[in-house]
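Below: the structure, in structure tokens.
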Amino acid sequence: MNETSSPRVLIVGAGPVGLALAIELGHRGVPCLVVERNDRVGYAPRAKTTNVRTREHLRRWGIADRLKAASPLGPQYPSNVLFVTRLAGRELARFENALYCGPGRSPLYSEHAQWIPQYTVEEVLREHAQSLPGVELRFNCELRGFEQDEQRVRARIVDTTTETESTVEADFLVGADGARSTVRELIGARLEGRYGLSKNYNIVFRAPGLDRAHPHGPAIMYWQLNSEPPSLIGPMDKGDTWFFMPTRVKADVKLADLDAPAMIRQATGIDLPYEVLSSDEWVASRLIADRYRKGRVFLAGDACHLHPPFGGYGMNMGVADGVDLGWKLAAVLQGWGGTVLLDSYEAERRPVHEWVMAEAEANHAILGDQLTAEGLEEEGEAGDRIRREVGARIEAAKMREFVTLGVVLGYRYENSPVIAADGTAAPPPDFVNYVPTSRPGHLAPHAWMHDGSSFYDHFGAGFTLVARPGDDVEAIRADAAACQVPLEVLQAQEGGLASLYPTRYTLIRPDQHVAWRGDAWPTDGAALLAQLTGRTAD
């Protein structure tokens, strides 16, 4: 057995969730070890949307431009989603700048989304994680078990290439090890919900000239509504690499039974040489763990929530888990966060997961199978009428999937033990429209500064106090110093900031969510800070 190693946090899984957590910890100076059972080389068309909120985290980590440069299709490639009878057929509807991937500045966010394969995102995250002092990644290493007490977790790790066993002692362990999570099994957590909403196939193929063989222009996704079968198809990577996902395959059909090139040829109506690069089968489900934690062991990402991919929420929601848990673990390990802060991880994230899962399931319920109609490919006036009717149904039904800023930025942490509610009513959930607000629990409103920077660029790594120029902030500074809470003070007030932050003081957490706001700092400011940092029960 090898020597025992002692990181502060052991992370199981080096996908986007585990890497996001490692980066969050690394930026905060917390040593961590990431172990991954594979060599982490994947080419399946998993997540392809890195959404606005995830890109804002990358901006905070200093790597948003690096991801933009890694885009295989280029950042200027239009993120249109088209509904067509088939690639060689008629257009039915289109959503331009779907998922907010279009470059350019929006007052609502600091970074546009990006259509990019998950494996490319992982490469950028992995490279950055490995550059951070205190972050170690070990591939081909598998967790075989652990035990914990009130102080530590002691894990058994095996190098699968040599079957060499080692012991890792850590303050905390996080299972970011996906849908088949070993950590979830070891803590006895159960997935609850609905398994098997549909069986699906992902096929990655190469087809030189396909982008020029149809009349619809560039898009990130084409929904083909025909009976042979309904499907999704779109460009995935350079080298004429595309993905294809049929949505009406009989339950008893096996992946090995499919003649993928023939199916693509039939669905598109375009006769080209189709070279299949990879294919895999997956089951869409809506499942959530009955608990996210046992003692010093936590679950994040697909290890604790699974849902259909329609809407592009999965990977992004997991990255947000890593961010939320990361800053909280760091605060506790650095002495300015308390035990309630760790309890707040599930209290905050579970309601968000439930909301997003409901959105994903609603999107999954309306696929090409439900939108197609008899006569859709007929010529003449009758066919035109049917196509207009179907196009109108598509625009009404699928906006929820491609115009989603209300979900991406509008989620908030209600009833959190580490948020100081101010008694104002919560706005109703809205999947489309995002209205910025500095109400506690919400994402801090974004703004562009006169020097071209984002307001977020000026936030600190700890808490950030937004105040008006000339306001007295010395008592707040003194309380933060006495409580050892890291605090950055911003007293710039440009343009529309006054309307976005209408109270005299707004206190923003490390994850850019509002923790408290008010027109006067409490007399017992230390008690407020104790609540916001989870030390009220310590």
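Only this structure's heavy atoms are used, side chains among them; waters, hydrogens and symmetry mates stay out.
Exactly one of Val168, Val158, Val12, Leu137 qualifies for a side chain to side chain contact (heavy atoms under 4.5 Å, CB included) with Val35. That residue is Val12. Only one option out of Thr160, Asp177, Thr182 pairs with Glu142 in a side chain to side chain contact (heavy atoms under 4.5 Å, CB included); it is Thr160. For the side chain to side chain contact (heavy atoms under 4.5 Å, CB included) with Phe298, the lone residue among Lys328, Glu346, Arg293 that qualifies is Arg293. Each of Arg509, Glu348, Arg349 was checked for a side-chain hydrogen bond (donor to acceptor under 3.5 Å, both in side chains) with Tyr413, and the lone residue meeting it is Arg349.
Not counting sequence neighbours, Asp302 has no partner by the salt bridge (charged side-chain N to carboxylate O under 4.0 Å, His left out) test. The ring-ring contact (aromatic ring centres under 6.0 Å, His included) test applied to Tyr222 returns His214, not counting sequence neighbours. Taking Asp430 as the reference, nothing meets the salt bridge (charged side-chain N to carboxylate O under 4.0 Å, His left out) condition, with sequence neighbours excluded.
When ring centroids are compared, His446 and Tyr434 stay outside the 6.0 Å threshold.
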Applying salt bridge (charged side-chain N to carboxylate O under 4.0 Å, His left out) to Glu56 and Arg59, what does each step give before you reach the verdict? CA-CA 5 Å; Glu56 288 186 326; Arg59 182 187 183 102; over 6 Å; no

For the pair Phe244 and Val276, evaluate side-chain contact (heavy atoms from CB on, under 4.5 Å) and give the outcome as yes or no after the intermediate values. CA-CA 10 Å; Phe244 176 73; Val276 174; over 6 Å; no

Yes or no on side-chain contact (heavy atoms from CB on, under 4.5 Å) for Val418 and Tyr345, after CA distance, side-chain angles and deciding distance? CA-CA 10 Å; Val418 293; Tyr345 166 64; over 6 Å; no

Chi angles and distances behind the side-chain contact (heavy atoms from CB on, under 4.5 Å) call for Arg412, Glu414: CA-CA 6 Å; Arg412 65 272 192 161; Glu414 300 285 351; 3.5 Å; yes

Test Glu165 against Arg156 for salt bridge (charged side-chain N to carboxylate O under 4.0 Å, His left out), laying out the working first. CA-CA 7 Å; Glu165 185 174 309; Arg156 189 161 56 92; 3.4 Å; yes

Start with the C-alpha distance between Glu354 and Arg286, add both sets of side-chain angles, then the distance that settles salt bridge (charged side-chain N to carboxylate O under 4.0 Å, His left out), and finish with yes or no. CA-CA 10 Å; Glu354 294 279 14; Arg286 176 178 172 172; 3.6 Å; yes

Any chance you could lay out the side chain to side chain donor-acceptor pair (under 3.5 Å) test for Ser198 and His364, step after step, and finish with the verdict? CA-CA 9 Å; Ser198 65; His364 174 269; 2.7 Å; yes

Apply the test side-chain contact (heavy atoms from CB on, under 4.5 Å) to residues His27 and Leu132: give CA-CA distance (whole Å), side-chain angles for both, the deciding distance (0.1 Å), then the verdict. CA-CA 7 Å; His27 274 268; Leu132 298 173; 3.8 Å; yes

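Arg8 places no side-chain N or O within donor-acceptor distance of the main-chain N or O of Val30, the cut-off being under 3.5 Å. Side chain of Ser279 to backbone of Asn202: no donor-acceptor contact under 3.5 angstrom is found. Looking at Gln114, its side chain does come within 3.5 Å of a backbone N or O of Leu67 through a donor-acceptor pair. For the pair Tyr201 (side chain) and Thr247 (backbone), a donor-acceptor distance under 3.5 Å is absent. In this structure a side-chain-to-backbone donor-acceptor pair under 3.5 Å is missing from Arg296 to Val153. Thr49 contributes no side-chain N or O that, together with a main-chain N or O of Asn51, makes up a donor-acceptor pair within less than 3.5 Å. Side-chain atoms of Thr241 come within 3.5 Å of backbone N or O of Lys238 as a donor-acceptor pair.
For Tyr313 and His305, the side-chain atoms include no donor-acceptor pair closer than 3.5 Å. Residues His458 and Ser453 bring a donor and an acceptor atom of their side chains to less than 3.5 Å of each other. There is no side-chain donor-acceptor pair under 3.5 Å between Gln148 and Arg154. For the residue pair Asp159 and Thr161, a side-chain donor N or O sits within less than 3.5 Å of a side-chain acceptor on the partner. Between the side chains of Asp321 and His353, at least one donor N or O sits under 3.5 Å from an acceptor N or O. Donor-acceptor pairing under 3.5 Å is lacking for the side chains of Thr437 and Arg439. Inspection of the Asn316 and Thr54 side chains reveals an N or O donor paired with an N or O acceptor under 3.5 Å.
Between Leu143 and Val183, some side-chain heavy-atom pair lies under the 4.5 Å cut-off. You'll find the side chain of Ile187 reaches within 4.5 Å of the side chain of Phe146, heavy atoms only. The shortest side-chain heavy-atom distance between Trp115 and Leu73 falls under the 4.5 Å cut-off. Looking at Met317 and His307, their side chains come closer than 4.5 Å, going by heavy atoms from C-beta outward. Considering only heavy atoms from C-beta on, Phe243 comes within 4.5 Å of Met236 through its side chain. Within the 4.5 Å cutoff, no side-chain heavy atoms of Asp240 are placed close to those of Leu210. The shortest distance between side-chain heavy atoms of Val283 and Tyr195 falls below 4.5 Å.
The CZ atom of Arg144 lies 9.5 Å from the CD1 atom of Ile157; values are rounded to the nearest 0.5 Å. Leu497 contributes atom CG, which lies 11.0 Å from atom OG of Ser438 (distance to the nearest 0.5 angstrom). Between the CD atom of Glu488 and the CD1 atom of Ile508 there is a distance of 11.5 Å, given to the nearest 0.5 Å. Note that OG of Ser110 is 7.0 Å distant from CD of Gln512, once rounded to the nearest 0.5 Å. Atoms CG and CG, from Leu490 and Leu487 in turn, are 9.5 Å apart once rounded to the nearest 0.5 Å. To the nearest 0.5 Å, atom CG of residue Leu299 and atom OH of residue Tyr292 are 9.0 Å apart.
In this structure, Arg105 is positioned above the aromatic face of Trp448, its NZ or CZ under 6.0 Å from the six-membered ring centre and within 45° of the axis. With Phe95 as the aromatic partner, Lys398 does not meet the cation-pi criteria of under 6.0 angstrom to the ring centre and within 45 degrees of the ring axis.
Salt-bridge formation is not detected for the pair Arg126/Glu36: no Lys NZ or Arg NE/NH1/NH2 atom is positioned less than 4.0 Å from an Asp or Glu carboxylate oxygen. With salt bridges taken as basic N to acidic carboxylate O contacts below 4.0 Å, one links Glu24 and Arg28.
The 12-atom threshold is not exceeded at CD of Gln484, counting heavy atoms of other residues, nucleotides or ligands nearer than 6.0 Å.
Relative ring orientation between Tyr100 and Tyr109 is described as perpendicular, the plane-to-plane angle rising above 60° on a 0-90° scale split at 30° and 60°. Aromatic ring pairs are classed by plane angle as parallel below 30°, tilted from 30° to 60° and perpendicular above 60°; the pair Trp223 and Phe310 is tilted.
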